[in-house]
Every structure is written in C-alpha cells, then in structure tokens.
Amino acid sequence: MAKTSELPFAPEQDQPVRYIERTRSYYFGLGYDNPYVWAHYLDVPFAPLKKPLNQSALGLITTAVPYDADKGPQGKGSPYNAAAKFYQPYKSAINQKLDLRIAHVGVDRKNANMEELECWFPLAAARRVVEMGRLRMVSPNFYGLPTNRSQRHTLEIDAPIILEMLRADNVDVAVLIPNCPICHQSQSLLARYLEAAGISTVVMGTAKDIVEYCGIPRFLFSDFPLGNAAARPNDPASQDLNFELALKLLESAPAPRTTVQSPLRWSIDADWKLDYSNLERLSKEEIARLSEEAEKARVTARELRMNSVGS
C-alpha cells in the first residue's frame, strides 16, 4: 500500500486562506492584544429574484475609491494608504472615465494587481452581458461602501444610505465586490441588509472564511489574492466567466448560504497564499517597522473618521 506522503495530494497550503486566523496572529505579533470580533450570524435573509435578469437593473457596489492625487501614492507598489480612506457611502456615474483605487485597504500588495480596474470592479463584464441581452441594464451609478470596522455603523448608518441610493436608481439586484478582510465583512453585512429589504445580492470575494462566518445569501468565491476578487489580470475571459457565475448564482441559489467556487486558479504555484500578513515570512526588523506603520495608519484613519462621521 502506498504511503500517504507518496500520494498526489495538493500542497497543504493550497486551500482557501484563513484570514480571520491569519490577521489575528498578525496583529498580535505587531503588539495589539485586543483581537477583533468578527460578525457572525446563524439566520440569513434571502430574497429570490423578483423578475428575470433580462428584465432587471443591476447595481455594482465596491469598497474601492475614486483616485485623488492629493491623497498620496495609490498605484502599483504603493503602501497601505490610510489617507485615502473614505467614511461616507457614495455613488458615482458609470458613464465617465473611471479610476478606482484600492490602496486605502489591506489588499495583498505582493500578489494582487493594483492597476487593472477589471480585477476588482467588473463593470466591463457587466456591460458585455447587457449587450448580449443577458441583463437589462447596469444602473446609471455605482456605489461605494466604506470599509468600516464598526459593524453597528455599517448596519445602522451606511447600509440604509446605500439602500436609499439603490432604490432611487430602481436597482433590482446587486453585485458586491469587497477587497480587504474588513471589506468582506462590511459587504457581507450590507448584503444581509439589502436582502432583508428585498434586493437580491451576490458577493464576489476572496476571503471565504470571513464571508461564510458572517452568513450571506449568495457568495461567489475566487481563490485569488485579496484585492482581485473579480478576475485575473489581463484576462477578459476570466472577467466574463466569473461574472456569469455570479449571475447564475442570483438565478439559481436554492437557499441562503449558497457558495460557488470559481474554477479559475490564480497560479499553478500556491505559495502566494503564504504571503499575506504572515509573520513567519518577516524578520524582526520588518515586524518592528510594520508595527510602527500600523500605528501611524491607525491614528490617521481615526482622525479621518472623526472628521468625516464624528465617531
């Protein structure tokens, strides 16, 4: 009988990253001793489609932010930029040249593409399915949800504002695309809120444990680096495949907590999954530097939040 070690198993790390565990260990290592409590529900609201997609208007909800050159580096290779964070939900017209950035959140800066919009905002794919007649229309605006560590604020302040925006644009269904770990929680909380209000949703994300722990109706999981939930870089076929999977989930999910995993792989080598917030891959000097940077970012984010929402 063959030994287990000789069987053609996948490498141990080739599984969805456990971001709750990874980030908890990371911040403990940086000197923070108050572990974050992630949102967790047993009951999940579920709103079936009210009409076919070819009769529906779809809204895109992102945690990315329009580029503002005055807020510092936000392009390829840029560090975490707390100065670019936003704390008020926004909406913006889709019929303009869009430049959305993700430097203000904790994406995988080593592996994710931070330049190609389609990796985290599937507007091009959505427009193509409209042209095919698969979807009636994309709403005239897209919507920005703040990355908020306060679950109460997300549910009681931000979610009602987003709902009002969607209703004003007569949105029937929504696709939510998070980027960082907290983004995944915020978008999951919003999905729950919108479903309870009768709007069918699907989250396209990469942090499987955070989304499923929270509990949402429909989840398209792509085993990609944080920040590239919609598609692989320079790969229109991956954009279309993932977006079609999201639409099929809207149509066919039999019940809440339905997860579908995209068949796409990021790369043949799964070693990238060991990079994000992994203290085992950092020197003592790097950990000390990151601890100092994290504290500066925390202070900056707190000041921006106080100036924006007052708490």
Side-chain angles (χ1 to χ4, degrees), residues 8-30 38 62-64 73-81 100-122 147 177-185 187 203-213 219-243 245-246 259-283 285-287 289-290 293-294:
F9 292 153
E12 183 178 355
Q13 74 269 21
D14 198 358
Q15 57 182 299
V17 178
R18 298 185 179 94
Y19 287 105
I20 293 176
E21 177 183 323
R22 183 78 64 83
T23 56
R24 181 174 291 144
S25 297
Y26 179 77
Y27 283 104
F28 269 136
L30 295 189
W38 295 87
T62 182
T63 55
Q74 298 164 64
K76 180 179 179 181
S78 63
Y80 176 78
N81 185 351
L100 300 180
R101 303 294 179 99
I102 54 176
H104 63 295
V105 290
V107 298
D108 185 341
R109 282 168 164 73
K110 182 173 181 180
N111 298 290
N113 183 302
M114 294 183 64
E115 294 181 293
E116 189 176 342
L117 179 67
E118 289 77 11
C119 288
W120 61 84
F121 190 66
T147 303
I177 313 97
N179 291 293
C180 70
I182 293 293
C183 296
H184 280 76
Q185 176 180 253
Q187 292 278 40
V203 173
M204 299 177 68
T206 58
K208 189 172 188 284
D209 61 331
I210 293 171
V211 174
E212 292 186 337
Y213 187 70
F219 178 39
L220 175 64
F221 169 62
S222 293
D223 201 4
F224 294 169
L226 289 171
N228 284 185
R232 294 183 300 207
N234 307 306
D235 188 351
S238 74
Q239 300 169 25
D240 292 338
L241 187 149
N242 270 359
F243 200 75
L245 287 176
T259 296
V260 169
Q261 179 166 343
S262 170
L264 299 173
R265 288 182 61 85
W266 183 256
S267 67
I268 296 176
D269 186 354
D271 193 61
W272 64 267
K273 298 181 182 183
L274 299 176
D275 289 329
Y276 184 81
S277 294
N278 188 351
L279 295 179
E280 294 181 0
R281 293 199 161 191
L282 300 174
S283 67
E285 291 75 19
E286 288 174 311
I287 292 173
R289 175 181 59 80
L290 289 169
E293 289 181 359

Contact summary for [X] and [Y], nearest pair of heavy atoms:
{"X": "A103", "Y": "S78", "answer": "CB-OG, 3.5 Å"}
{"X": "W272", "Y": "S267", "answer": "CD1-OG, 3.5 Å"}
{"X": "C119", "Y": "N113", "answer": "SG-CB, 4.1 Å"}
{"X": "L226", "Y": "A207", "answer": "CD2-CB, 4.2 Å"}
{"X": "N242", "Y": "S262", "answer": "OD1-OG, 2.8 Å"}
{"X": "C183", "Y": "T147", "answer": "SG-OG1, 3.2 Å"}

Can you check whether [X] reaches [Y] side chain to side chain, under 4.5 Å on heavy atoms?
{"X": "M114", "Y": "R109", "answer": "yes"}
{"X": "R265", "Y": "D14", "answer": "yes"}
{"X": "V203", "Y": "P178", "answer": "yes"}
{"X": "W120", "Y": "N228", "answer": "yes"}
{"X": "P263", "Y": "L245", "answer": "yes"}
{"X": "I182", "Y": "W38", "answer": "yes"}
{"X": "L264", "Y": "S222", "answer": "no"}
{"X": "P16", "Y": "D209", "answer": "no"}

Distance (rounded to the nearest 0.5 Å) between [X] [atom1] and [Y] [atom2]:
{"X": "L220", "Y": "T206", "atom1": "CG", "atom2": "OG1", "value": "11.0 Å"}
{"X": "M204", "Y": "F224", "atom1": "CE", "atom2": "CZ", "value": "9.0 Å"}
{"X": "I210", "Y": "F219", "atom1": "CD1", "atom2": "CZ", "value": "9.5 Å"}
{"X": "R22", "Y": "N278", "atom1": "CZ", "atom2": "CG", "value": "5.0 Å"}
{"X": "R281", "Y": "D275", "atom1": "CZ", "atom2": "CG", "value": "5.0 Å"}
{"X": "L100", "Y": "N179", "atom1": "CG", "atom2": "CG", "value": "10.0 Å"}

Contacts of K76 that satisfy side-chain contact (heavy atoms from CB on, under 4.5 Å) - sequence neighbours left out: E115
Qualifying residues under ring-ring contact (aromatic ring centres under 6.0 Å, His included), relative to Y26, sequence neighbours excluded: none
Set of residues satisfying ring-ring contact (aromatic ring centres under 6.0 Å, His included) with respect to Y19, sequence neighbours excluded: Y276
Considering residues at least two apart in sequence or located in another chain, which fulfil the salt bridge (charged side-chain N to carboxylate O under 4.0 Å, His left out) criterion with [X]?
{"X": "D108", "value": "none"}
{"X": "R24", "value": "none"}
{"X": "R101", "value": "D99"}

Against D223, only a single residue in K208, Q261, K273 fulfils side chain to side chain donor-acceptor pair (under 3.5 Å); can you say which? K273
